[in-house]
Amino acid sequence: MWRFKQKEQKNLLTMTPVLKKRYQLEETRAEPSGLRLIIPRNNWLERLSVQFMNQPETIKVRLDELGSFVLARCDGTWSVNEIASGLEWEFGEDAKPILPRLVKYLQMVEMNGWIFWKSDQ
């Protein structure tokens with residue numbers, strides 16, 4: 001008889017997102033939110049395009065105020081629940097519905113490979 005292991009379910013609210021070390025947040029006065037995400041171009045094809053086609057060495061992603069707020073707290077000390085509470089306190093009605101928007105944003109950031117998860121369970 002075959003027995004399948006059930007995948008361990010984790011509570012997203014207690015998990016902690018962490019921005020990967022290769023990505024940096026840069027403060028800038030040119031952006032209304034004050035932060036940009038700097039993505040280095042490190043794979044071999046990107047390095048060739050940087051060297052021979054005069055492409056930029058990094059990609060600079062402009063973040064809005066909510067995105068800046070969230071990514072600035074992806075340092076391994078803030079859980080998703082704490083980030084949601086901070087969004088509600090900082091932005092109030094402008095951030096609502098807070099939890100669905102935050103979860104969707106974190107999914108997109110994770111799909112881009114910018115964060116990893118630390119679990120507190």
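Model, not experiment: these values are computed from the prediction.
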For residues 87-96, run the donor-acceptor check on the side chains, cut-off 3.5 Å, and write out each pair with its distance to 0.1 Å, sequence neighbours left out.
residue: E93; atom: OE2; partner: K96; partner atom: NZ; Å: 3.4

> Within a reach of under 6.0 Å around CD of E27, are more than 12 heavy atoms found that belong to other residues, nucleotides or ligands?
Replying inline: no

>> More than 12 heavy atoms of other residues, nucleotides or ligands under 6.0 Å from NZ of K20: yes or no?
In response: yes

Can you get from [X] to [Y] by hopping between Ile, Leu, Val, Met, Phe, Trp and Tyr side chains that sit under 4.5 Å apart?
X: L63; Y: I38; value: no
X: L19; Y: M108; value: no
X: V18; Y: L35; value: no

> Would L99 and L13 satisfy side chain to side chain contact (heavy atoms under 4.5 Å, CB included), going step by step from the backbone distance to the final call?
Replying inline: CA-CA 9 Å; L99 211 48; L13 294 177; 3.8 Å; yes

> Which heavy atom of K21 sits nearest a heavy atom of Q24, and at what distance?
Replying inline: O-NE2, 2.9 Å

In Å and rounded to the nearest 0.5 Å, what is the [atom1] to [atom2] distance from [X] to [Y]?
X: T28; Y: R62; atom1: OG1; atom2: CZ; result: 11.0 Å
X: M111; Y: L106; atom1: CE; atom2: CG; result: 11.5 Å
X: I98; Y: I83; atom1: CD1; atom2: CD1; result: 12.5 Å

> Any side-chain donor-acceptor pair under 3.5 Å between N81 and S79?
Replying inline: no

Please check if the side chain of [X] supplies one atom and the backbone of [Y] the other of a donor-acceptor pair under 3.5 Å.
X: N112; Y: W114; value: no
X: K60; Y: R36; value: no
X: K118; Y: T16; value: no

Taking the side chain as C-beta and beyond, is there a heavy-atom pair between [X] and [Y] under 4.5 Å?
X: L37; Y: L25; answer: yes
X: L71; Y: Y105; answer: yes
X: P17; Y: F116; answer: no

>> Test side chain to side chain contact (heavy atoms under 4.5 Å, CB included) on I115 and Y23; report intermediate values, then the result.
In response: CA-CA 9 Å; I115 63 170; Y23 304 111; over 6 Å; no

>> Checking L102 against F69 for the side chain to side chain contact (heavy atoms under 4.5 Å, CB included) test, could you report, in this order, the C-alpha distance in whole Å, the side-chain angles of both residues, the deciding distance, and whether it holds?
In response: CA-CA 11 Å; L102 176 60; F69 185 89; over 6 Å; no

